[in-house]
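See below for the structure under consideration.
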Amino acid sequence: MSLPKRYVLVIAEKPRAAAKIAEALGAGSKLTIGGIPVWIGRFRGRDFVIAPTAGHLFTLHTDEKGFPVFNYSWGPRWVYEPGSKHLAKFYDALRRLSPNAEHYINACDYDIEGSVIGYNIIRHLGDVTRASRVKFSALTKEDIRKAFEDPQPLDWGNIESGLARHVLDWIWGINVSRALTRIYQKLSGERATLSAGRVQSPTLIELVERYVEREAFVPTPLFTVSVKVLCGGKEFTLTNGFDPFRRQEDARRLAKVLRSKKLVVKSAEKRVVSLAPPPPFNLTELQLEAARVFGYSPARTLEIAEELYLRSLISYPRTNSEKIPPTVDNSQILQRLTGLPEVGAYASELLRRGLLVPREGPGEDPAHPAIHPTGYLPTRELGREESNVYELVVRRYLASFYPSSTVEELVYTIVEPETGTEFRLAGRRVVSQEWLRVYHYRKVTALELPALRTGEEVPVTSVEVVKLYTRPPPLYTKATILRWMESVNIGTEATRAEIIEKLFERGYVRGSSINATELGLEVAQILGTLFKEITEVELTRELERKLREIAFGKVRRESVIEEAVSKLRPKLEEVKRVLSDSEAEELKRRLGLSAGLRCRVCGRDSVGEEDGVPLCQLHLRAYRNLKEAYAAWREGTGVGFEEYLETLSRLPKLGRLVKEVVAYLRNSVR
DNA sequence: GCAAGGTC
């Protein structure tokens with residue numbers, strides 16, 4: 001079949017969506033244009049051609065070198081972006097289809113980016129005065145047909161808002177990246193491509209901050225007692241019902257009392273706790289769980305999920321939703337899943353028990369449901385990683401239909417009668433497994449306790465004074481920094497993992513427990529000093545507020561962009577001026593990156609002095625922590641300053657920055 | 001070359 005003379009051109013965001021739309025509209029004949037699948041059909045008396053893009057076909061670009069740069073325009077991505085040559089054929093197909101279209105319908109995902117993707121194509125290749133928007137939130141026949149029966153005018157609010165997002169991210173990102181690259185080159189003499197952006201920079205700062213916090217952390221000692229008792233012929237370690245002591249003496253005194261006295265069961269409490277099943281996955285939760293269970297990086301998990309999606313085994317993975325809408329036929333999916341080895345039995349059980357309503361989580365997504373199995377079974381053997389992630393998704397989906405598990409907890413409160421010091425001994429038993437059987441990645445470990453009566457004496461077998469040290473928060477991993485990004489709402493489902501990888505590629509961070517590199521520390525300092533805004537999550541909040549105002553027509557896109565330009569331009573010009581007429585040393589001073597002296601500890605530029613000692617930003621922090629922590633040490637153990645330093649220097653896990661300051665202080669005393 | 005956002 002060949003193309004009709006005139007037709008309505010429907011633009012879908014991706015080939016799979018185009019196929020779904022074609023099916024729903026009964027557009028049965030398919031042909032390919034330059035390798036791109038296109039569907040033809042009639043709907044309500046008109047000829048339709050349905051054609052896909054593959055996400056954004058256009059991008060912002062400029063021919064100008066250097067900074068500041070505020071002249072940009074939209075152009076085809078395949079021309080301007082390396083690695084996007086595959087888009088040329090989508091571009092060609094749409095360019096060839098556009099001239100004979102009497103009308104255009106933007107049928108991309110119903111979100112802001114979808115509005116921009118379709119708008120840019122119609123604007124550059126077609127005619128926006130003959131265009132409509134269709135809105136459907138699920139790729140089901142009913143939703144699609146309903147949307148096409150009632151096409152709407154183009155959604156200008158979303159389009160304007162989306163265009164502004166692109167432009168603002170571009171002018172901030174490109175300008176600050178270029179300025180940063182030039183500054184670093186002048187300061188270090190090294191050529192490296194550096195980058196900064198609204199999402200990557202606050203993420204880098206968070207990683208650097210956590211790294212520095214740990215390296216500059218000074219542990220302080222705490223003292224507690226470890227008590228073992230004999231119950232029913234078995235030895236148990238009690239849980240203390242009190243906080244550790246700051247003074248060693250207090251712990252020793254308590255230990256002495258406990259060794260000489262009897263412990264008595266004060267009360268026994270039994271309670272039944274119910275554990276609700278988890279909701280089906282959104283992408284973040286899948287990435288976190290795959291990291292926890294299998295150790296996969298978030299980027300790898302997305303890659304695997306993408307593959308499973310392309311094989312029709314699971315639904316679209318780039319979603320924030322934790323809900324399965326009623327349009328999804330759960331009983332049909334379960335019916336098909338009964339054919340799976342092992343987990344198939346759970347699907348049968350759900351059908352037999354009539355458990356067909358999954359638990360919902362709070363996550364929402366305008367375009368897609370939670371990640372769930374489609375019910376299609378693997379036709380050929382899956383690789384190990386694919387099979388792991390597939391099973392994770394299936395088990396999670398199945399678990400979400402099950403009732404809560406119930407766990408019985410038994411808690412004894414055990415007391416030393418004279419001082420009233422309380423301890424706890426807690427046991428638990430799973431009464432009904434329910435979803436825990438299916439989702440075996442979560443375990444509730446049972447601990448059986450003997451029966452004890454209230455008032456019963458419990459013999460103490462050992463009491464020890466234990467010295468603990470305060471600890472800094474753990475370094476981030478790829479999975480935990482991803483969770484942080486989601487919690488502060490920067491980046492999107494589709495981009496977060498990629499942006500984390502970018503920080504590694506640039507050489508800003510390294511390690512599976514994420515450390516900052518020298519380069520990362522320097523970039524953080526330059527950005528924090530000169531472009532503070534781009535290092536803060538607040539920039540995104542501000543952006544979102546403005547984008548909402550644009551979407552509601554309260555403010556024009558141009559004025560929001562002008563405002564950003566007027567804020568950025570003077571900063572960039574100042575940096576440029578200083579760059580062109582200063583040498584490296586003077587540059588540092590004029591940009592506030594150096595106070596002119598060298599850090600006594602490491603020889604880097606100092607940012608200030610403490611007790612007459614010039615120190616860099618990092619060692620200054622460690623130095624101050626060291627002075628502050630000494631007060632707690634003296635109070636807790638009565639050590640003198642030199643002994644304090646000596647004890648610290650022998651701690652195996654002491655942070656690097658503190659270790660260096662300790663070594664410096666011990667040497668300079670000598 | 002630099003962003004962040006789509007998708008393959």
Side-chain angles (χ1 to χ4, degrees), chain A residues 11-18 35-37 52-69 72 74 77-78 80-90 108-121 161-185 191-204 302-303 305-307 309-311 316-319 367-368 485 490-503 505-506 523 527 531 534 539-540 543-544 547 564 568 572:
Chain A
I11 296 150
E13 191 160 316
K14 46 195 165 263
R16 293 197 144 238
I36 300 300
T53 174
H56 284 288
L57 217 45
F58 291 85
T59 186
L60 287 166
H61 78 104
T62 185
D63 295 327
E64 285 180 26
K65 303 283 172 211
F67 73 94
V69 50
Y72 48 82
W74 288 94
R77 273 188 62 196
W78 62 272
Y80 297 109
E81 244 180 74
S84 58
K85 288 282 169 283
H86 65 288
L87 291 176
K89 53 187 200 291
F90 286 93
C108 295
D109 289 355
Y110 195 61
D111 51 30
I112 286 181
E113 292 302 325
S115 295
V116 173
I117 291 167
Y119 167 78
N120 269 335
I121 291 167
S161 169
L163 292 172
R165 203 280 304 151
H166 280 267
V167 170
L168 292 170
D169 275 342
W170 190 89
I171 59 180
W172 270 99
I174 301 296
N175 279 295
V176 176
S177 295
R178 288 181 178 182
L180 176 66
T181 303
R182 287 277 311 279
I183 293 167
Y184 183 75
Q185 193 187 338
R191 266 192 106 87
T193 298
L194 303 183
S195 63
R198 175 177 57 81
V199 178
Q200 66 170 268
S201 297
T203 307
L204 172 65
L302 175 53
E303 227 170 71
E306 178 76 34
E307 178 62 29
Y309 162 69
L310 291 174
R311 289 210 207 169
Y316 190 70
R318 294 185 198 90
T319 174
H368 308 283
M485 291 171 83
I490 59 174
T492 67
E493 296 301 318
T495 59
R496 284 180 195 128
E498 231 173 277
I499 287 173
I500 294 167
E501 296 301 326
K502 192 174 288 185
L503 297 175
E505 283 160 24
R506 294 256 181 276
V523 166
L527 292 179
F531 301 101
I534 210 167
L539 188 64
T540 292
L543 176 89
E544 282 168 351
L547 295 187
L568 259 171
L572 292 161

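Letters A, B, ... mirror the listed sequences (proteins, then strands); counts begin at 1.
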Nearest heavy-atom neighbours spanning A/L547 and A/S161: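 Residues A/L547 and A/S161, closest heavy atoms: O-OG, 3.2 Å.
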Could you tell me which non-hydrogen atom of A/P68 sits nearest to which non-hydrogen atom of A/N175, and how far apart they are? CA-OD1, 3.3 Å
Between [N] atom [atom2] and [X] atom [atom1], what is the distance in whole Å?
| X | N | atom1 | atom2 | value |
| --- | --- | --- | --- | --- |
| A/R496 | B/dA3 | CZ | P | 18 Å |
| A/Q185 | B/dG1 | CD | C1' | 13 Å |
| A/M485 | B/dG5 | CE | C1' | 13 Å |
| A/Y80 | B/dA4 | OH | C1' | 19 Å |
| A/E501 | B/dG5 | CD | P | 16 Å |
| A/F58 | B/dA4 | CZ | C1' | 18 Å |
| A/R165 | B/dG5 | CZ | C1' | 5 Å |
| A/I174 | B/dG5 | CD1 | C1' | 13 Å |

Please determine, for the side chain of [X], which listed nucleotide ([options]) has the closest atom?
| X | options | answer |
| --- | --- | --- |
| A/R178 | B/dT7, B/dG1, B/dA3 | B/dG1 |
| A/D109 | B/dT7, B/dA3, B/dC8 | B/dT7 |
| A/R198 | B/dT7, B/dA4, B/dC2 | B/dA4 |
| A/I499 | B/dC8, B/dA3, B/dA4 | B/dA4 |
| A/Q200 | B/dG5, B/dA4, B/dC8 | B/dA4 |
| A/T193 | B/dT7, B/dC2, B/dA4 | B/dC2 |
| A/E13 | B/dT7, B/dA3, B/dC2 | B/dT7 |

Check: A/S195 side chain, B/dA4 base, donor-acceptor under 3.5 Å: no
Given [N], is OP1 or OP2 found less than 4.0 Å from the side-chain N or O atoms of [X]?
| X | N | result |
| --- | --- | --- |
| A/R182 | B/dC2 | no |
| A/Y72 | B/dA3 | no |
| A/R506 | B/dA3 | yes |
| A/R318 | B/dT7 | yes |

Looking only at atom types and distance, does a side-chain atom of A/E13 sit under 3.5 Å from a main-chain N or O of A/D109, one as donor and one as acceptor?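 Between the backbone of A/D109 and the side chain of A/E13 there is a qualifying donor-acceptor contact (under 3.5 Å).
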Using a 4.0 Å heavy-atom cut-off across all strands, classify [X] as base, sugar-phosphate, or nothing.
| X | answer |
| --- | --- |
| A/G55 | base |
| A/T59 | base |
| A/L168 | nothing |
| A/Y316 | sugar-phosphate |
| A/E81 | base |
| A/P15 | sugar-phosphate |
| A/G114 | nothing |
| A/I171 | nothing |
| A/K502 | sugar-phosphate |

On DNA chain B, does the nearest nucleotide to A/K65 precede the nearest nucleotide to A/T53 from the 5' side, or the other way round? Give the residue.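 Nearest nucleotide further toward 5': that of A/K65.
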Want to settle it: does A/S177 or A/E493 sit nearer the 5' end of DNA chain B, counting the closest nucleotide to each?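 Nearest nucleotide further toward 5': that of A/S177.
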Could you work out, with side chain to side chain contact (heavy atoms under 4.5 Å, CB included) as the rule, every residue matching A/E113, not counting sequence neighbours?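 Scan of A/E113 (side chain to side chain contact (heavy atoms under 4.5 Å, CB included), adjacent residues dropped) gives A/H56, A/D111, A/R165, A/H166.
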Just to verify, what does A/E544 make a side chain to side chain contact (heavy atoms under 4.5 Å, CB included) with, not counting sequence neighbours?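 A/E544 satisfies side chain to side chain contact (heavy atoms under 4.5 Å, CB included) with A/N489, A/T540, A/R548 once adjacent residues are dropped.
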Salt bridge present between A/R311 and A/E307 (N-O < 4.0 angstrom):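 Judged by the 4.0 Å cut-off on N to carboxylate O distance, A/R311 and A/E307 do form a salt bridge.
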Would you say the side chains of A/Y316 and A/R318 form a donor-acceptor pair under 3.5 Å?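 There is such a pair (donor and acceptor under 3.5 Å, judged by atom type) between the side chains of A/Y316 and A/R318.
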